[in-house]
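Report on one structure; see the data block that follows.
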Amino acid sequence: MPSRDLFQRIVEGDEIALRDAFRGYGATARELARRIVGPVQADEIVEEAFLLIWSEPEHWASPALDVHILRIVRDLSLAVRRRGVTPEVAARDLQPFPITPDAALPDVVHDLEHDELQRATLRLPGAQGRRLEDAWFDDLRGEDEPLNAALETIVEDIRSGRLSKRAP
């Protein structure tokens, strides 16, 4: 289900939508948290992120729900790591951030097979795949030519249809 539909259902108080969001994005969110803070606190951070989304979806979520979940997890993980506080304390200090949807951009990434996208990223030369992922999570753009070339390769794979689509 597209993240914008899950977002709307969460705003309406649909607990099953929150469960579906967790099933869809929880493993990726946990992996991100694990990379930043390690496995011990990763589950707590993901739990806290989903609690924020459930308790105040109008502040913590948007139609770009997948992006919001990962951004909250990243911000909580960095706060826990840098400040040495619990995820609950870090969540109290976290500020909501707007991500305005761009109607001109189709949600093509959601329609792609996630494993296929990861394989395409891993096929990039050297450590470009990992650097591309890190740059995406850190909001870096246009600062490194090899990084831009890696991004252009992935975009071309998406546009050309070389990446598999999810089954309907």
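Quick note: numbers below take in every heavy atom, side chains included, and nothing from hydrogens, waters or symmetry partners. FYI, the numbering just counts along the sequence from 1.
Open room surrounds CD on Glu88; 12 or fewer heavy atoms of other groups in view lie less than 6.0 Å from it.
In this structure, CG in Leu32 is found 12.0 Å from CZ in Arg71, a value given to the nearest 0.5 Å. Separation of atoms OG1 (Thr28) and CD1 (Ile69) is listed at 9.5 Å; rounding is to 0.5 Å. One finds the CG atom of Asp5 at 11.0 Å from the CD1 atom of Ile10 (value rounded to the nearest 0.5 Å).
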Side-chain atoms of residues 38-55: list all donor-acceptor pairs with protein atoms under 3.5 Å, sequence neighbours left out, distances to 0.1 Å.
residue : atom : partner : partner atom : Å
Asp43   : OD1  : Arg30   : NE           : 2.5
Ser55   : OG   : Leu51   : O            : 2.9
Ser55   : OG   : Leu52   : O            : 3.3

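Under the 4.5 Å side-chain heavy-atom criterion for grouping Ile, Leu, Val, Met, Phe, Trp and Tyr, Leu18 is connected to Leu76 within one hydrophobic cluster. Under the 4.5 Å side-chain heavy-atom criterion for grouping Ile, Leu, Val, Met, Phe, Trp and Tyr, Val85 is not connected to Leu78 through any hydrophobic cluster.
With sequence neighbours left out, the side chain to side chain donor-acceptor pair (under 3.5 Å) criterion links Gln8 to Glu12. For Arg19, the side chain to side chain donor-acceptor pair (under 3.5 Å) criterion is met by no residue, not counting sequence neighbours.
Arg83 contributes no side-chain N or O that, together with a main-chain N or O of Ala90, makes up a donor-acceptor pair within less than 3.5 Å.
Between Arg81 and Ile36, the shortest heavy-atom distance links the atoms NH1-O, 3.1 Å. The two residues Ala33 and Val73 have their closest heavy-atom pair at CB-CG1, 3.8 Å.
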